Protein chains: 2
Amino acid sequence: MDHKPIPDIVVGRLPLYLRSLQRMIKEGNLVTSSQELGERLGISAAQIRKDLSQFGEFGKQGTGYDVEYLHDQLKIILKVNRVWDMAVIGAGDIGSAVARYQGFADRGFRVAMIFDNDPVKIGAQVGDFIVKDKATMVEVVQAAGIIVAMIAVPASQAQHVADNLVKAGVKAILNYAPVSLNVPEDVHVQHTDPVTHLQRMTYYLE
Amino acid sequence: MDHKPIPDIVVGRLPLYLRSLQRMIKEGNLVTSSQELGERLGISAAQIRKDLSQFGEFGKQGTGYDVEYLHDQLKIILKVNRVWDMAVIGAGDIGSAVARYQGFADRGFRVAMIFDNDPVKIGAQVGDFIVKDKATMVEVVQAAGIIVAMIAVPASQAQHVADNLVKAGVKAILNYAPVSLNVPEDVHVQHTDPVTHLQRMTYYLE
DNA sequence: TAGATTGTTAATCGATTAACAATC
DNA sequence: TAGATTGTTAATCGATTAACAATC
C-alpha cells in the first residue's frame, strides 16, 4: 500500500510553480490554468497537470485552478507554510549579500545568524546581524535547532564547513562555493555556481 | 550525415566535470578515471563515459584520463578557452557581489561593466568599476559587442531589462531575479534563485 | 602477461507527451 | 447546452545503466 516516492525532478519544479503563483497573486489574478502556467514557465501544460496530480486534485474542470488555493497547497507540500531559520557561513561579498537579501521573507525563509572566521569581520555588523565567530558555529547552530544553512566561504574551506554543519545537525545546505560537497545520505545539498550556469550557455554561443 | 544534437542535459553536466578537473589540477592529480570523477560528483561512471563519448575519445583504456588534457578539451567544447566579457545589470547587493566576485577569472568570464538606474549609484565605484547609467545600457553593451549578461535587478524590472538586453544583442542571460523571463528562441537564459533551491530541500525535511 | 579502464551497444528504466473521458 | 479544462491512461520518447570487447 506504499505510495511511490515523488520523483525528485517533480519536486524540483514545484518551487517554480509556487513562484509563478505568488506573482499572479500580486498581479491580482484569481484563476489560472495549466496552459497559462506552462506558457509563463516554458513547461508543457500536460506536465504541470501530471506533476500536480502526484499530490492531489487542485483544479476544476472547465475553469482551471484557484490561484490562491493552489499557492497555499504548494506551500504546504513544500513545507514553506512556515518560516525556516537559516545560518549563513561566510561574511564575504556573497554571504553579506545573502544576509541582506530581502527575498527570503515571504517565501518561507529567514536568515537567523551569520558566521566568519576573520577576526576583522567577527563582531562587525552585516545587515541586521553581528557576525559570529565560526569557531562557535557547531555549538550555536545546534543550540538554535537550525537545520538549514548556506555556505558562502572560499572553495578550499567549503567541505570543512559542510562537515561541521553536519555535526551541528544541519539537514539542508545551499552551497555557494564552486565545489561538490560530500555529505551523509540524510543531508540535502544544492549547489549554486554562476559559472556552471554561464558555461552551460557559452556552449551554444557563436 | 547530420550528427544528432547533444542533449542539453549532457551539456549541463560538462561544467561540473570541468570544475572537478580544475580542482584536480590544483591538487596535483595527473590522471583520473570515470569512477573517481563520478564519486566526487555523485554521478555514475557509466554516465560520465557516455557523456564524454558524445564529443570524442579522451581517455586511454587501462589508465583513464589525463587530467590536464581532458580539462583543456572540455574548455574548448564549452568555449571557455577564452574570456567572455559580461555586463552586470543592477548594482544592489547581488550585483555588487557579482561584480567583485573573484571566481570568474580562471573559468572563462570577466565582468566588464555594471549598470544601475539609481542616481545615487550611478558614478559610484563598485569593485573595479564605475556604475554606468542604465539608460545608456542598450547602446553601450551593443557597442562593446557584449553578448553575455547578468540580471541583478528587482523582480519587477527583470523582464524589462531582459528585453533591453535582447535589443542590445545579448545572447546569454544569467538571471538572479526570482521571475521567469521570456526571451526569443536564440537567446539563452539560466535562472539562479536561492529560494527555489531551498524549497526543493525543505520538501524532504522533518 | 595480468589488471584496469575505456568507449559503445543493448537493455532497462523513467519522464514527457498526446489524447480523451469526465465534468465544471 | 456548448466550451473549456482537468486528471489520468497509454504511447512515445529520451536518459541511464549494465555489460563487455577492445586495448593500454
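Quick note on labels: first sequence line is chain A, next is B, and so on, each numbered from 1. Predicted, not measured: the structure shown is a model, and the values here were computed from it.
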Handout entry: For atom CD of A:Gln54 and atom P of C:dG14, their distance in whole Å
Key = 13 Å

Fill in the blank from the handout: Side-chain contact check for A:Tyr65: nearest option of C:dT16, C:dT9, D:dT6 is D:dT6

Completion exercise
In whole angstroms, the gap separating P of C:dT8 from CD1 of B:Ile48 amounts to 16 Å

Exercise for the section: Give the ring-plane orientation class for B:Tyr204 versus A:His188, where under 30° counts as parallel, over 60° as perpendicular and anything between as tilted. Expected result: parallel

Handout entry: Spacing of B:Asp66 atom CG relative to D:dC24 atom C1', expressed in whole Å
Key = 14 Å

Exercise for the section: Find out whether the Lys NZ or Arg CZ of B:Lys60 is both under 6.0 angstrom from the six-membered ring centre of B:Tyr65 and within 45° of the ring's axis. Expected result: no

Handout entry: Atom-pair distance (OH on A:Tyr69; P on D:dT6), nearest Å
Key = 15 Å

Completion exercise
Closest to the side chain of A:Arg13, out of C:dC24, C:dT16, D:dT5, is C:dT16

Problem - Proximal nucleotide (of D:dT17, C:dA15, C:dT6) relative to the A:Pro7 side chain - result: C:dA15

Problem - Interatomic distance where CZ belongs to B:Phe58 and P belongs to D:dT23 [whole Å] - result: 19 Å

Practice task
Could you tell me whether A:Gln102 atom CD has more than 12 heavy atoms of other residues or ligands within 6.0 Å of it?
Solution key: no

Problem - Protein-nucleotide distance (B:Lys60, atom NZ; D:dA22, atom C1'), rounded to Å - result: 15 Å

Handout entry: 5'-most by nearest nucleotide on DNA chain C - B:Glu57 or A:Ile9
Key = B:Glu57

Handout entry: Sub-4.5 Å side-chain heavy-atom contact between B:Ile147 and B:Asp85
Key = no

Exercise for the section: Answer yes or no: is there a side-chain heavy-atom contact under 4.5 Å between B:Lys132 and B:Ile114? Expected result: no

Problem - D:dT16 phosphate, OP1 or OP2, under 4.0 Å from B:Ser44 side-chain N/O - result: no

Practice task
Can you figure out which of C:dT6, C:dT16, C:dC20 approaches the side chain of A:Arg49 most closely?
Solution key: C:dC20

Exercise for the section: Using atom CD of A:Gln35 as one end and atom C1' of C:dT17 as the other, report the distance to the nearest whole Å. Expected result: 15 Å

Completion exercise
Heavy-atom nearest nucleotide on DNA chain C taken for A:Gln61 and for B:Thr63; more 5' hit belongs to B:Thr63

Practice task
Check every atom of D:dT17, C:dT17, C:dC24 against the side chain of B:Ala46 and return the nucleotide holding the closest atom.
Solution key: D:dT17

Practice task
May I have the distance from A:Gln47 (atom CD) to D:dT8 (atom P), rounded to whole angstrom?
Solution key: 16 Å

Fill in the blank from the handout: Considering only heavy side-chain atoms of A:Lys50, the closest of C:dT8, C:dC24, D:dT8 is D:dT8

